[in-house]
S.K.: 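One structure, pasted below without further comment.
From a predicted model like this one, the values you see are computed outputs, not experimental measurements.
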Amino acid sequence: MKVKKIPQRMCLGCQTSRPKKELVRIVRSPKGEFSVDFTGKKPGRGAYICNNPECLAKAKKSHGLERSFKSPVDAAVYELLERELQAHASEE
């Protein structure tokens with residue numbers, strides 16, 4: 001029987017490859033709005049980070065989101081993403 005391949009993605013913060021389902025997708029919509037996509041199905045360009053605020057802080061320091069989206073990312077966007085990650089962590 002054929003073994004099913006598990007898709008891997010790299011975290012922008014800690015630079016480790018993990019299964020796609022373990023990571024959180026950050027999406028820039030076609031309109032240019034940023035949001036956190038916990039389902040992995042929102043339309044737009046995506047980048048992945050681990051589900052903890054430390055990796056988001058590392059991605060901010062290393063300009064990982066700017067490189068992934070090939071555009072500048074405002075500081076307010078990082079604050080919004082951090083709040084969404086913390087809200088999701090408190091729900092679980």
Side-chain angles (χ1 to χ4, degrees):
M1 191 165 207
K2 194 173 183 180
V3 177
K4 188 173 181 177
K5 186 177 177 183
I6 299 172
Q8 299 280 314
R9 298 291 184 266
M10 185 179 289
C11 173
L12 291 177
C14 60
Q15 301 294 312
T16 58
S17 289
R18 296 183 180 201
K20 185 178 171 182
K21 296 212 179 234
E22 291 181 11
L23 299 173
V24 176
R25 185 171 181 241
I26 298 174
V27 181
R28 185 186 69 200
S29 70
K31 295 179 182 177
E33 300 167 351
F34 289 90
S35 64
V36 177
D37 180 15
F38 294 105
T39 63
K41 299 186 187 233
K42 286 185 180 179
R45 178 146 181 95
Y48 293 85
I49 62 167
C50 296
N51 194 8
N52 63 12
E54 291 89 26
C55 281
L56 183 61
K58 287 179 186 177
K60 181 179 181 181
K61 185 176 180 182
S62 68
H63 302 284
L65 288 177
E66 285 88 349
R67 280 195 315 274
S68 283
F69 296 123
K70 298 175 183 152
S71 67
V73 178
D74 191 32
V77 171
Y78 283 106
E79 293 172 12
L80 172 73
L81 296 174
E82 187 174 353
R83 276 188 264 127
E84 287 185 29
L85 281 174
Q86 289 174 350
H88 182 70
S90 65
E91 289 176 4
E92 292 180 344

S.K.: Side-chain donor-acceptor pairs under 3.5 Å in residues 15-23, sequence neighbours left out?
M.R.:
| residue | atom | partner | partner atom | Å |
| --- | --- | --- | --- | --- |
| Q15 | NE2 | L12 | O | 2.9 |
| T16 | OG1 | R18 | NE | 3.4 |

S.K.: For the pair D37 (side chain) and V27 (backbone), establish whether a donor and an acceptor sit closer than 3.5 Å, ignoring hydrogens and angles.
M.R.: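 Not at all, since once roles are kept as given, no pair shorter than 3.5 Å links the two residues.
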
S.K.: What residues form a side-chain contact (heavy atoms from CB on, under 4.5 Å) with E54, not counting sequence neighbours?
M.R.: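 By the side-chain contact (heavy atoms from CB on, under 4.5 Å) rule, E54 matches N52.
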
S.K.: Do you know the tightest heavy-atom contact between R25 and K42?
M.R.: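 Shortest heavy-atom contact: NH1-O, 2.8 Å.
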
S.K.: If I take atom CD1 from residue I26 and atom CD from residue E84, how far apart are they, to the nearest 0.5 angstrom?
M.R.: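 One finds 9.5 Å between CD1 of I26 and CD of E84.
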
S.K.: Which distance, rounded to the nearest 0.5 Å, do you find between the CG of L81 and the OG of S35?
M.R.: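 With rounding to 0.5 Å, CG (L81) is 8.0 Å from OG (S35).
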
S.K.: Testing the basics here: between R45 and F69, what is the closest heavy-atom pair and its distance to 0.1 Å?
M.R.: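 R45 and F69 have their closest heavy atoms at O-CE2, 3.3 Å.
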
S.K.: Is any side-chain heavy atom of V73 closer than 4.5 Å to a side-chain heavy atom of F34?
M.R.: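 The answer is yes, as the side chains (C-beta and beyond) meet within the 4.5 Å cut-off.
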
S.K.: CD of Q86 to CG of N51: how many Å apart, nearest 0.5 Å?
M.R.: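 Separation between the atoms: 11.0 Å.
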
S.K.: What is the minimum heavy-atom distance between P30 and P43, and which atoms define it?
M.R.: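 The answer is CD-O, 4.1 Å.
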
S.K.: Between atom CG of L85 and atom CZ of R83, what is the distance when rounded to the nearest 0.5 Å?
M.R.: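 Atom-to-atom, L85:CG and R83:CZ are 11.5 Å apart.
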
S.K.: Might you work through the side-chain contact (heavy atoms from CB on, under 4.5 Å) test for L65 and V77, ending with a clear yes or no?
M.R.: CA-CA 10 Å; L65 288 177; V77 171; 5.6 Å; no

S.K.: Decide yes or no for S71 and R28: does some side-chain heavy atom of the first lie under 4.5 Å from some side-chain heavy atom of the second?
M.R.: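 The answer is yes; the side chains approach within 4.5 Å.
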
